[in-house]
Each structure stands twice: as C-alpha cells, then as structure tokens.
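Here the structure comes first, spelled out in structure tokens, and everything after it is commentary.
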Amino acid sequence: MNKTININLGGFFFHIDEVAYQTLKRYLASISKSLSDDPQGKDEIIADIEARISELLSEKITDARQVVNESDIENIIVIMGQPEDYAENEENYSNSEYNFKKNSTTGKKLFRDGDDKFLGGVAAGIAHYVNIDTIWVRLTLLALFFGGGFGFIIYIILWILLPEAKTTAEKLQMEGEPVNIDNIEKKIREEFNNVSENVSEFASKASEKIKDSAQDLSEKMNATFSGKGSKNNGLQDFIDTIARIFLVFFKVIGKIIGVFFIFLGATVILSLLIGGFSIGSLEWFNINGEFLTYPPFFYEATIPKWILTILMFFLVGIPFLILLVLGLRILSSNVKKFTKATSLTLLGIWIIALLGIIFTGIEHGVTHAKEGRNVITETINLTQKDTLFIAMKNNNNLYYEHNLKRSSNKHKVEVNNIEKTYSNYVHVDVKKSATNEAYFIVEKESRGKNINLANKNAKRIEYNYSKEGNRILFNTFFLSDIKNIWKDEQINITVFVPENNYVFFDNSAKNFLYDVDNTENILDRKMANHYFIMTESVLKCTDCVENDIQ
C-alpha cells in the first residue's frame, strides 16, 4: 500500500503516489541542476517543463480520482527527454537514478513527424530533413504512387524503419536545431501555447454548445407549458433528420470530389512530367496518333524550345497542382494550404508562363498569315487518240505504309542526316485541255509571314515526278523543312488532256485522285484500272460495268 500525495503541477492538481512523486521530484531536480545559475531563466524553463508534464499527465488521467503512478512518470520522462538533454556543457551528469551518456548531438536526424502527419508523418519528417515544404514531398510520393505504386511501397518502408520524434530533443534534432537550453525552452513554450490555444478553443466551443442546448431546452419547455409546439415536434424532428441526411450526403459528395481532384491533378502533372522529359525522344502525339516532335507553335519560335517546354509545364501544371492540393485538403484537414510566399511565387511563375505562351502563339499566327504558291508546268508528248497512263509511287525507305493514301498528317524523316517533313497530302485531278496540247501543272502551297516568304516556302518544297512519252509517274509524297511542318503545305496536280484522248489510272493512283469529274459520277477510288476518254467537257469511262463503279 502506497501513500498518495496531492500536488499542484503547472496549475493543475494531481493525486500521485509517493514513489512516483519521489521519481518526479528527482527528475525535476536533475533538470534544475543541469541548467545555468540564472534564477530567472531557470525558473521560466522549469515552469514550462512542469506545464508540459502537467499537460501530458492530463491526457493520461481521465478520472479526477485516478492516481499517478511510477509507470506514468517514467512514460513522461521518455517523452520529455532525459536530464542530460538539457545540459549546456560537455560535463557528465551522474545520479543514482539517472546514469546516462551525455547527448551532445546537434546534427539533423531523420524522424517521422507525428505533429504534422497525414498518415504516418513520413513526408513531414523528410521535409524537415531536406528543408522544403511538406506538400512537395507528398506530391512526389503521390506521383511515384501513380507511376507504378513505388511511392506507396517507399512510404510503407520508411514508416516501418523511421522512428517517430516524440521527445523534445528528437523534435529539435528532426528540425536540425541544436539540443540546448534555449531551443528546448522555446520548443516547450511553443507546444504549451498550442495546447493552451486548443484547450481554449475547445472550451469556447463547448460553452457555445451548452448555451445553445440550454436555449433549445428553454424554448421547448416554453412551448410545452404554453400548449404550443407539441403538434410541431414531430414535423421538426422529421425536418432535422432530413437535414442531417442531406448534410451527410453532401459530405460524401465532397469527399468524392476531393478524390476526383486528386486523381485529375496527379494524372495531368504526371503526364506533363513524362511529356516534358520525353519530348525529344518519345515524342508527343497529335490527335491522329502520329508522332510529332513539338506542338505547332514551337516551330520558328524566338524563344528556345526547352524554355517553351518549361513554360508549358508551368502554365498547365500549376492550376492542376492547386487542384491536387485542394483535393487533399478536402479529404484531410491535416494538409495545410500554401503559404503566402509560395502562393505569390506560383502566381508569378504562372503569369510569366502565360505571357511567354501568348507571345509565341501570336508569333505562330503571324507566320501563317499569308498563303503562297509555286507553280511548275510540264508538257506531255501525246498524239491524237493516244492514251495517257497515270501512276504514282512512294519511297518506302523514307516512310512505309501498307495502304498508302492522301493524308494531311506529317511525319518526321531524315534525308542525308537532315531532318525533314514527309507528307502524302497530294491531290491529282484531270481536266479537259483548252488547247490541243496535253500538259500538267504542279502547284505547291505553303504559308508565311508575308506573300514573299510564303512563296519562298512553297518553292522550297521538294516534289519529284518523272515522264516518259505518254507515261507519267508522280510521287505520292513531298518533303519540306521541319520548321514548316504546320504551314498547311500540300501539292495540287492538274493534268490537262485534249478531247478524244484516253486516260488510264493505275491502281497506285486511286487514293490520290481528287474530285475528278466524269459523266458517270464514278467515285475517285473506283476510277483506277479503267480507261477513260476525254469528251467535250469531262471524262467518260469506256470499259466500266455497273458492278465496277458502284
């Protein structure tokens, strides 16, 4: 049977048994001896330490009649730290009850931060260690999680391996602060002030609730004694129940929206990271699934491409980063909002990125302002009633496709170690010649800042063909400078044939014929492998049967 003692610790009364009291007394005396001889400073630190111990004991003691035992005091000592943690010099302190090695560590150590944790405090601990905002560590782990689950695995491993910073000395070491009297006193005072604020806030809320409850009770009693309200109590309860159901429903909807924000923000940011790092190797995709090196406005831009890539990342990424943080805050109140400095920094970066992209977009629009052409005319040696054979060929070494056809898609190819644009946007038409001569026109189209530059761009388009007697072999493709990849370039070929001359379209030309007029209104691709004669206005098929042209 132990004797109990009533003590006043930090302004709170406790029942403590004699053994625990002696242990606590020796502990406080040991701390007092290890401090400086400054009575005022010592008293302040001891007062703060007693207040902290009082707060920790209040958490353990749930009943006013409960007695503090020796085990409770020993647990408090573990949390608060040993007396040698409070020493200012290198002298060892020895005591029959406390015989420990002196802790003189001042370097930063990696712990889990239990005071600022979302799950286990791993991200907050790493943030303290590398001295950055916790949100960036959490975003990195989240990105790794969506990148294959590695973030979750790393988090679990660190959660298991890293100890939590519980004592004051450990918290100081986690933050890279020297373990000395000033820092311990400062840390204890900060924690005590936080606890005091929380207690005051809790007491205020509790007082408001008690006041509201008393008011509600008074109103109900008045309604009961006055004979009023008895008929409305059922209706009021029903309305209150419906309101609570709607409140729960909207809370669930809010959580779903938070999850959606997190998923959307993390997905976009991860995609931007992958796209930014792979822009020169994996390449970007256009809407038709073809590989392209850069977005349209990157070409002929004054700003270097690598800077434009960074600007695009910030322009798109920052709003989705904010969306991601908003989602995290919806799901957990532990996630803090950006500081004012961080918010202003992100806003400034986003505005700079926006201005850079706007400038580049305007510049891109200017380079497409005018349309230019370059026309080549070639005669064809064709006698009266002779047949003109039209065929087309591709260079499979540059670009191979099983079923080659006219397309506005562009492809990047290398010709003699020079990067070029490859395109199959070639149109072939046949019309009646206004003279007795057969000829064809190759029209190259491009765009530029003005007519002269547009015409020069069109002239630089590389397009080849060959003719031999009454046979013409057109290329199915053309090459251009890589910087002109988005300048709406194309080739228009028009073959003019005199009346009563014949034309035969080879099967290789069927996907490049474009709106060729004929008396039977045969579709362009159906005109291949057939003979046509030029009438007074348009072509007429001479060997078509109904099944061939339907």
Side-chain angles (χ1 to χ4, degrees), residues 373-396 398-408 423-445 458 461-479 489-550:
R373 289 179 174 83
N374 179 257
V375 179
I376 300 173
T377 302
E378 289 278 351
T379 59
I380 305 172
N381 295 325
L382 198 64
T383 60
Q384 191 176 10
K385 295 186 178 182
D386 198 0
T387 300
L388 175 64
F389 294 89
I390 297 177
M392 304 191 75
K393 70 171 183 176
N394 184 49
N395 187 340
N396 292 331
L398 289 177
Y399 182 82
Y400 174 77
E401 189 172 318
H402 176 68
N403 186 25
L404 203 61
K405 59 183 178 180
R406 181 179 62 253
S407 173
S408 60
S423 177
N424 301 112
Y425 210 35
V426 179
H427 306 73
V428 178
D429 192 10
V430 177
K431 295 184 177 181
K432 182 180 180 297
S433 175
T435 65
N436 291 326
E437 294 183 353
Y439 63 97
F440 64 87
I441 294 175
V442 177
E443 184 182 44
K444 306 176 185 178
E445 292 185 6
I461 295 176
E462 301 174 23
Y463 182 75
N464 296 318
Y465 54 85
S466 61
K467 60 176 184 175
E468 183 177 352
N470 60 344
R471 297 179 181 273
I472 306 177
L473 188 62
F474 295 108
N475 278 0
T476 61
F477 68 95
F478 64 88
L479 301 175
E489 295 182 332
Q490 65 181 46
I491 301 293
N492 298 316
I493 301 172
T494 306
V495 181
F496 294 90
V497 180
E499 186 177 353
N500 295 326
N501 278 106
Y502 293 87
V503 177
F504 178 82
F505 296 104
D506 185 75
N507 188 65
S508 59
K510 68 177 183 179
N511 290 326
F512 295 89
L513 299 177
Y514 181 74
D515 199 19
V516 181
D517 292 334
N518 58 89
T519 56
E520 294 85 0
N521 291 324
I522 304 172
L523 296 176
D524 294 328
R525 65 178 182 274
K526 296 286 187 177
M527 297 178 71
N529 299 319
H530 289 289
Y531 286 89
F532 291 82
I533 186 172
M534 181 60 69
T535 64
E536 295 180 353
S537 56
V538 296
L539 294 173
K540 179 181 180 181
C541 186
T542 60
D543 62 347
C544 295
V545 294
E546 188 174 355
N547 292 334
D548 293 336
I549 61 178
Q550 287 181 345

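Just so you know, these numbers use all the heavy atoms, side chains as well, and skip hydrogens, waters and symmetry mates. Counting begins at 1 with the first residue of the sequence.
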Results of side-chain contact (heavy atoms from CB on, under 4.5 Å) for L473 - residues two or more places apart only: A391, K393, S466
Closest non-hydrogen atoms of C541 and H530, given as atom of the first, atom of the second and distance, are SG-CB, 4.2 Å
For the side chain of T519 and the backbone of K540, is there at least one donor-acceptor N/O pair under 3.5 Å apart? no
Does a side-chain heavy-atom distance below 4.5 Å link F532 with V497? no
Results of ring-ring contact (aromatic ring centres under 6.0 Å, His included) for F496 - residues two or more places apart only: Y439
Could you go through residues 375-389 and list every donor-acceptor pair under 3.5 Å that involves a side-chain atom there, pairing it with any protein atom two or more places apart or in another chain?
residue, atom, partner, partner atom, Å
E378, OE1, K467, NZ, 3.1
E378, OE2, Y465, OH, 3.0

Validation row: V442, F478 side chains within 4.5 angstrom (heavy atoms): no
Give me the atom names and distance for the closest heavy-atom approach of K444 to I461. NZ-O, 2.8 Å
Residues which pass side-chain hydrogen bond (donor to acceptor under 3.5 Å, both in side chains) with N436, listed by chain and number, not counting sequence neighbours: none
Holding to side-chain contact (heavy atoms from CB on, under 4.5 Å), I want the full list of residues that pass it with N511, two or more places apart in sequence or in another chain. N403, K405
Expected output: side-chain N492 to main-chain Q490 donor-acceptor under 3.5 Å: no
Could I get the full list of salt bridge (charged side-chain N to carboxylate O under 4.0 Å, His left out) partners for R471, not counting sequence neighbours? none
pair R406-N424: side-chain heavy atoms closer than 4.5 Å: no
Please assess L513 against I390 for the test side-chain contact (heavy atoms from CB on, under 4.5 Å), listing each intermediate value before the final yes or no. CA-CA 10 Å; L513 299 177; I390 297 177; 5.7 Å; no
Pairs in or reaching into residues 425-443: which pass salt bridge (charged side-chain N to carboxylate O under 4.0 Å, His left out), with residues at least two apart or in two chains? R373-E443
Over all atoms of both residues, closest heavy-atom pair of V426 and M392: CG1-CE, 4.1 Å
Can you list everything that forms a ring-ring contact (aromatic ring centres under 6.0 Å, His included) with F474? Sequence neighbours excluded, please. F440
For Y425, all residues meeting ring-ring contact (aromatic ring centres under 6.0 Å, His included), sequence neighbours excluded: H427
If a pair satisfies side chain to side chain donor-acceptor pair (under 3.5 Å) and one of its residues is in residues 500-510, list it, with sequence neighbours excluded. D506-S508, N507-N529
Among N395, L404, I491, the one residue meeting side-chain contact (heavy atoms from CB on, under 4.5 Å) with T476: L404
Just so I know, are the side chains of Y463 and N374 near enough to count as touching, which here means a heavy-atom distance under 4.5 Å? no
Of all heavy-atom pairs between A438 and P498, which one has the smallest distance, and what is that distance? CB-CD, 3.8 Å
